[in-house]
Structure formats: structure tokens, C-alpha cells
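The next block holds one structure in the form of C-alpha cells; read it before the comments.
Protein chains get the first letters and strands the later ones, always in sequence-line order, with residue 1 at the start of each.
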Amino acid sequence: MLAVALSRAGTLPHGYEAKDKVDEMTDYKSTLNLPQTEFPMKASLAQREPEMLARWQAMDLYGKIRAISAGRPRFVLHDGPPYANGELHLGHSVNKSLKDFIVKAKTLAGFDSPYVPGWDCHGLPIEHNVEKKLGKAGKKVSFAEFRKACREYAAAQVEIQKQDFVRLGVLGDWANPYLTMDFKTEADTVRALGKIAANGHLVKGFKPVYWSVVGGSALAEAEVEYQDKTSFAIDVRFPVANPAELFARFKGQGVTLNLDGIQNVSVVIWTTTPWTLPSNQAVCLNAELEYALVDCALESGRETLVLATAMVDEIMQRYGSESYGVLGSVKGAALEKLSLQHPFVDKQVPVILGEHVTTDAGTGAVHTAPDHGVDDFNVGMAYGLGTLNLVDDDGVFTSAADKFAGAHVYKADELVIEELKERHALVAVKKIVHSYAHCWRTKTPLIYRATPQWFISMNEQGLLQSALDAVAKVKWIPDWGQARIELMLKGSPDWCVSRQRTWGVPITLFVNKETQQLHPRTAELIEEVALRIEQKGIDAWFELTAEDLLGAEAAQYSKVTDTLDVWFDSGVTHYSVLQQRGLGYPADLYLEGSDQHRGWFQSSLKTAVAMYGTAPYRQVLTHGFTVDAKGYKMSKSLGNTISPKEVFQEYGADILRLWVASTDFRGEMTASTEVLKRVADSYRRIRNTARFLLSNLSGFDPAQNLVAPDNMVALDYWITRQAQLLQHQVVEDYENYHFLGVYQKVHNFCVIELGSFYLDVIKDRQYTTRDDCLARRSTQTAMYHIVEILSKLIAPILSFTADEIWASMPGQRAESVFLSQFSEGLPLLAESADMNDQFWQQVMAVKTAVNKELEKQRNDKLIGAALSAEVTLYCDAGLSSLLSRLDDELRFALMVSHAALQPMSAAVDAATTEVPGLQLRITPSANTKCVRCWHHRADIGSNAAHPELCLRCVENIDGLGEKRLYA
RNA sequence: AGGACUGUAGCUCAGCUGGUUAGAGCACCUGACUGAUAUUCAGGGGGUCGCCCGUUCGAUUCGGGCCAGUCCUACCA
């Protein structure tokens, strides 16, 4: 523009006469309405997004949304709290992105959808990190100091994670999130426990639980991980106390025995945990399995053993015996309650029966120590066997363990084996590598240990059945989630909620020292404690004494010092957060990874049912995990991780969000550089489409120039309606959490309806007609509606870009797209009667056929640009009457310089097409090209004032302007 | 080891209750335009529907088995 002005003023240096012609052309160019916009093609998201965040924050966008949403129907997505420890990974981003899509889509759909993010702040991992710095609580530092350090550590972690969530563009109450370590939340967690206790679900039990001897604490199942471990595998004799009794049992089953020379008879057990032998209380057989009396020659001499019949050969081979014989076999049931001599403790133990005994490994006879195994404990209970408690909190044998007293369980295997050798009780010993339970934090082997613990009983008050009933009323997405959680519930034992740790919400109970019963005023006491915790945090409990609350009766009660399983904290947030913050109960939606069927979905369900008898959620949505290009899970050790930070920097948060939307979250979600590149490509397409729409709206003021639907050019009316139809489909996709559909539909609309048809076609009209004529205002009106719809449709996903588009749109509007609604704007246009949706579909098909033929000519170097060609369409009657409706404007729809309709019978040298009833012929135009509109027209030169222009252009420059009705 | 889920073009995904040459977008190749220009338009090539076996006139679609991956559980004395 500037150059033209200068040349007109004659300020160009001499010697540029050759440029005159160019100048003349550019002169006409200045009469065109070419696109113009400040909206950059290059997104520069890494830089621009933080600026937009600052803007949202400055205007208090979240607060404004809350204000305008007040009174609308509620939709509450309750945030499952991530654990306040460690860098965020892609999985966090997936989870938070999906939540944000939903909250934003619900907001735009006219709901009041608050989002209060949370963090899980107590528990072992944090404690462990603090331990590394300060040492163990109670040793190097006081418990109070330790807890203070944990609190500070967690708070710092929250801040670190929060930054990335905010950076991701997640809109929520970030200034006031919920932390499970908030004093108020801690107090309400205690109150929740009180309610569950009051409802009779909390029981004190004595059970073997996973115990970390290094951590000195019981662990939840979720805190256990499996690693390979080398263990001793030993075969041990349990001599039969009274062989005659054993023989009698065989005879009782009709087995005749030749007992010549038989003296020593033993049942042999196999174990990989020799250290548990001091706690042995029984040997367990399977009632249904056959057991053989085997006479064999071992290195140590001839003896008789009881072994599972099916395993005799295998076992003899293992023992290196080549000479052996089976004297007879009986079912395990026949040997019940037979007395055996413990190999080194002066006592006899019974043979008992249990279904868990198999012939997979060992001897078919299982050493049973109820202290150290769940199966053992359960089967022992059935036989009235209790626990011995020979191992203390640190994994050291107590004085009751006699000669093993003072030995650590990690060291006791060798001692036991020595003892067995001395007693001639060891048949075989070797080392095996097997997968074994380890502490997820300290990476040390775990043991089972029977300890006094607090349980939420699944059966005491029918919790299991109530939970199953509640599950059935919830909508699970995908639907297999229901079967999954039901299966888990049915298989889940009583929930051990007590931990012997420092950084956790205390179990604020007083137990009668004599009766082990809870204090009769437990409910009142808990409320008193809760009030104190509200003021001072959990330290309030640890600091108070029984006397403080119980006065004189304190002597009869002991104060429980255990803490709660962290899963309890997050599990009761339906009470401590949803209800206490007035968000409502139950939540409309919980949304987490599929692993949470076992975790948060379950802990939330159990506690809610225990408190109210109902599920805390109406719907549960789950997503899968992220994997790499090969389908393997992302892990640091494999080195195949992609961090959200990397993606923010390299592509931007909108790209990360678009990736989440573009991937089917129900299964594994593949993230790789290729995938991200593809996503970035399609982002650019959407962005550029919006940019082009905006660039054509320069000079358009909707208040002045908006064309009423009835006055719009047919094509513009049609595309506006198409955009509206798209909107309806996309809004439905949002409702169904089908973001993949949103992404694909929006992208395809940009590419197909807009890119390869509408926008291509209307360029001629948009550029060449008078800037204020109806033909042009009509298409601008369409583009105005489209870009507004587009901005709203992508807003939940491409939040930054949507608001950037929003800010670039002409007209008066809310200061952010998030303050608008899907339903605002033009009501859905009715389908046009004569040029309906199907009509334009046909036109597009014809255009595609023309394109194919043009391409052939182009490949033969006969034509270049489409406008250098003319087309004759030979049509059957139906198609002819259809296309003739476009009248003279058919050529604009087909984007050629001339288009003529002929009957099929006139076809000569015509190409067949894929469109039924259509043949066509393309010819290079014989006419010259209009320097302004580039159409090749016969009427060029008809106007002496503009010798290089077609008459259409002359009309648009000097006349009243061209009229368009259809395209 | 058991359970659940997943496996369709290089990538992301459609393919309803089994039925004509399996679709879309991207990527790729070729070309056009240069008035969306680190953009846009057009045309084109590309798939043993994880593998095997059944049921059926016919299977990507149903059944069984296997393989691979993911999540959960168990790992066992």
C-alpha cells in the first residue's frame, strides 16, 4: 500500500518506467478487499500462553465465572487429590486436562461448575523424604518438629505442582485449593472417622498385615511393590509324635501297610521363610489331596516321609533319592489333627486342613505360622490357633522367642537353618530367586506380622453389601468399570486403616484398657478433639493427654497413637471437602486413572457408604495410562518419558491439551514425538482457519453490517447452518465426554467444509466485490458466526487459542470466551427449501469431479490455475435442473472462468466422472485474464476506461456493485 | 499365575445388531497457486483389519486358543 502511494506521488527514482505496468496492476489490487489481521499465524504458545494466564489472573477469570454462574444448575466434578510429592508427569496432565475439558464445557453449556483442586498431603512418602533430611522422628528430632517439617515439605511440593497445573491452563480455585493437611480438613477427617465408628464399622482387630521392618509400620496393600529376592528354600521334617496313630489313620482308610523296619516318620514342609519357623503352630494339608507314606533312602539314612502323592517323584529327585517306595496313600482329610513334633521348639503342633494348599511347589504340606501369613492366620483361626507375637516392631525377635531372642528377621534365616541342621530336621536347602513383597518406599523386603490394628469391617454392619448396592446406582464410564469395582469389593478384606506413623491424621480414640472397648462418649470426645485440631492441626491430638479430656477416668483408658492410612484422608473428601465447602453431595463426577478402582474410587465409596449408605458420586469416569510409541508404559528406568514441561516449552499447553483430546483416553494413550508433531500440525490448521476467518472480518462491525439470515447469499446461509449443526454435534460430544469426536469434527470442518469448499469459493466474492455490498457483507456475516462458534467449540480444549481468537473478533462481547455460553448467538437456521443441505452436497461432488479433470489437464500441462479453464458439464435431466438453479453463479461455485450446462446427449470427447449422470469437458479458456479478478472473460476490454478489466470488475469499481444470490 | 481392557493404513481414529472393491483426517508423493504464503488448493499411492482355528454360503464384525501391551490382583508357604 505504502509503495503504491509513493509511486503515485512520483517519488520513485527515474529509470523505473518498466514498473509502470506493475504499478497499474497493484493499483487495481488496492481496490480489492484482501484479508487483513493482527492475529499471528505463528502461535508462539510457549511465550503467549503465560501472558494469557497473567491476563486471566489479573481479571480474576475464575471468580467472574463463579459470579455469572451463580444460580445455574450445578455440576460438580470432585478432584481426586494428587499426592504432594514429586515432579508432575504426563499422566497428571492427562487427568487434569480431562477434568478441565469437562468443567469448561459444562460452564459453556450453562452449568455452575466449580472446580476446587486438591492435594493429598499426609503419608509415608513425604515422611520418608523428610526423614532423609532430618532423621527419624523421635530420635534426632521431636515428633512435633518432624511433623512441622513434613507440613512445610508438603506445602512446598504443592506449590511446585500447582505451577504446572496452572500453566496447563486448568481453570479452578487455585488460590484456595483443598489440602488434606489443612487444619480444618484434618479435623473433618477425624469427624468422618467418628461417624464411621458411630455407625459401628470401626473394629479393633489383630491380624497379620504387611509390615515394613525398616519403616517400623504396617503398610497398605497399595504401598506394596514386588521385586525379585533371593531366599532360602528349605524342606523341614516335622516328626510324627505318635507313628502308630499315623499308621492307624492309614489303616482306617483301608490302606494296608508293610511297616517292616519303619521307625522315623515325618511330615515334610517346604518354606522360603525359615525365620517364621519359631512361630510355627501347625502344618496344613489339603483335605482333597492324596498324601503318601514314602519309604526312602536319603543321604542321612533310611526314613519315612509324608508327602503329597502327586509330588513324590519330583520331591525324591530333589532330595537325590534313587531308592524309594510308596507304602500307601490317603486323602489329607484322614490326617487332620494328627500331632507333630515342632522341629526345635518343645511343643507339638497339629495337622490342619486348608484349601490354599496346592501341589504347585513344595511338598503339599504347608508350614503354618498365623503371625506371618494371611492364609495361615485365617486357617489358624478356624482351628482356634492364635498369634504368638514373637517379632517386634523393628523385626527383632522378642525374649519369648527363646534362643532366637534379639535376632533380626533379616538375619534369622541362617540361625534357624543352623538349628534345623543340629536337630537333624533339615531335609534340603537351596536358594531361589522369586518375586517378593517390598516396601514401595524403602525398597526393603516386607513381612507379614500380626499386630493390633483398626479396621473398617466389611461385614460387621453389612458394609460390603451396602457398598455393592451403591455401586449399582452409579454410572460407570466405560461400563466395565462397574464389574471391575464389584470384583474388587467382593475380594477386599477388612480395610486396615491404622498406621504406626508420625505424619498422618491421628486415630483419635480412647480404648478401655480392660475391655478394649471404645469409650462410651467417643462421639463427643471426637468432636472435642476435632475442635482442637481445627485450631492447631493434628499436633493437638499428639500433645494432649488422656487426663486432658477424660479427667479422673483417664487411668482406665489408653489413648490410641496410631495414624490413619492416607487413603482414608482422600477417601473422606466427599465429606471434608465436598460437603464442608458446600459444593454438594454426592458429586456429579469423579474422574481418575483406571488404577483408582482399587484406590480412591473404592476408599471414597467405602467411607461414604459407611457414613451415609450412598456412593459419593453419580458418575465415575476413568482414563488409561500413557505409553510410548511402542506401547510400553512410560517409566524413568526405560527412559521413554515425556514431561509436561518439555511439551509446554516445545509446543505449548494447548498442544498437550489437544493431544489429550485427540487420543482415546479409555485405553492406553500413546505419546511420542511423532504423535505430538501430528497434533501440532492439526492445531496449526485450526488456528489458521480461525486466522483466515478473522482476517476477512476486518472492517466488519456486526452492529452495523450483520446481514439477516433471510437476506444472506444461499451459500453463506448454508455454511452458517453447517457450523451450527457442527456445534450441536460437538456440544453433544462434550456431554458424552467424547473429546475425540470434538477434535475430529472441528478439524474436519476446518479442512473439508471450510478449507476445500466454502472458504475457497467465497474468496472471489469476498475480495472482488464492493466492501459494503450485500454480497460481501453476507459472507462476512457467515464468517463472523463461524468464528464465534469455532472459538466456543474449541475453548474447553484449546483454551488459550480460543480466548486469543475471542479477543480478536469484532463487535462487543464478554471479556473472555469462558464468560459466554454455547447457546448464545444465532438460533439454528432452518434448512433452506430450494438449496438444502443435500443440494450443496451434490454441488461439492460435482466440484470434486471437476477438480479431478482439471488435475488431469494440469498434469498434461494444458492448464495451470483453475481460472484459466472453462468447463462444460453434460448432465442428465435431474442434475441439470439442480445445477441450473445456480444460474450464472455456477462458475463461482466451481471456481472456473466459465461453466456451461449441456444435455448428456450433446457430450462429445467428454470425460466420465464418478458422479452419476455427469460427464464433463475441460478446455483452456481462449479469453484473456482480467488483471483484477483473474477470471478469463470475453468481455475484457469492453470498457475503455478499464481496458484490462472484465465488466464484472468494472461494475464493482465504478458501478453499483455486483449482485450475488447463490455463491 | 489370575482378572479386566486394548490391538483396523506411518500417526490419531470411524467402521450399528456378520454381507457388494474396509473409511476419515494427518503424514507421504506429485502438481497448482503466490490475493490465507513458514499459508492455501488439487490429485495420488498406501491396510495379510495382531496371529491361528472354528461357526457360517459369507467374518474386521460371532466363538475358542495364542501373541503383544496396559491396569489391577497374586506370587504361595
Consider only side-chain N and O atoms of [X] and [Y], and report whether a donor and an acceptor are under 3.5 Å apart.
X	Y	answer
A:T37	A:R691	no
A:N956	A:T769	no
A:N95	A:E592	yes
A:Q766	A:T779	no
A:H367	A:T276	yes

With a 4.0 Å cut-off on heavy atoms, is [X] in touch with a base, just the backbone sugar-phosphate, or nothing at all?
X	result
A:W270	base
A:S682	nothing
A:S672	nothing
A:G624	nothing
A:M895	nothing
A:R687	nothing

Is it true that a side-chain atom of A:S808 and a backbone atom of A:E804 form a donor plus acceptor pair closer than 3.5 Å? yes
Would you say A:Y632 places a side-chain N or O within less than 4.0 Å of OP1 or OP2 belonging to B:A68?
no
Next on the checklist: For B:G35 and A:K29 - does any side-chain N or O of the residue sit under 4.0 Å from the phosphate oxygens OP1/OP2?
Outcome noted: yes
One should report the stems of RNA chain B, each a stretch of at least three consecutive Watson-Crick or G-U pairs at distances under 3.5 Å, as B:1-7 with B:67-73, B:10-13 with B:23-26, B:28-32 with B:40-44, B:50-54 with B:62-66
A correct 5'-to-3' footprint of nucleotides 39-45 of chain B, with B, S and - meaning base, sugar-phosphate only and no protein heavy atom under 4.0 Å, is SSSBSS-
In whole angstroms, the gap separating P of B:A32 from CH2 of A:W934 amounts to 16 Å
When rounded to whole Å, the CD to P distance for the pair A:E592 and B:C71 reads 16 Å
Considering only heavy side-chain atoms of A:D681, the closest of B:A27, B:G35, B:U70 is B:A27
Side-chain contact check for A:A865: nearest option of B:U70, B:C11, B:C33 is B:C33
**Q.** Side-chain heavy atoms of A:K606 within contact of A:M458, under 4.5 Å
**A.** yes
Would you call [X] and [Y] a salt bridge, taking side-chain N to carboxylate O under 4.0 Å as the test?
X	Y	answer
A:K856	A:E853	yes
A:D628	A:K630	no
A:K677	A:E674	no

Once the angle between the rings of A:F665 and A:F739 is folded into 0 to 90°, is it parallel (under 30°), tilted (30 to 60°) or perpendicular (over 60°)?
tilted
Practice task
Give the ring-plane orientation class for A:H597 versus A:W480, where under 30° counts as parallel, over 60° as perpendicular and anything between as tilted.
Solution key: tilted
The answer to which of A:K633 and A:R678 contacts RNA chain B further toward the 5' end, by nearest nucleotide, is A:R678
Short heteroatom pairs, N/O only, protein and nucleotides 12-15 of chain B, under 3.5 Å:
from: B:U12; atom 1: O2'; to: A:S662; atom 2: O; distance (Å): 2.5
from: B:C13; atom 1: OP1; to: A:D664; atom 2: N; distance (Å): 2.4
from: B:C13; atom 1: O2'; to: A:Q744; atom 2: OE1; distance (Å): 3.1
from: B:C13; atom 1: O2'; to: A:Q744; atom 2: NE2; distance (Å): 2.8

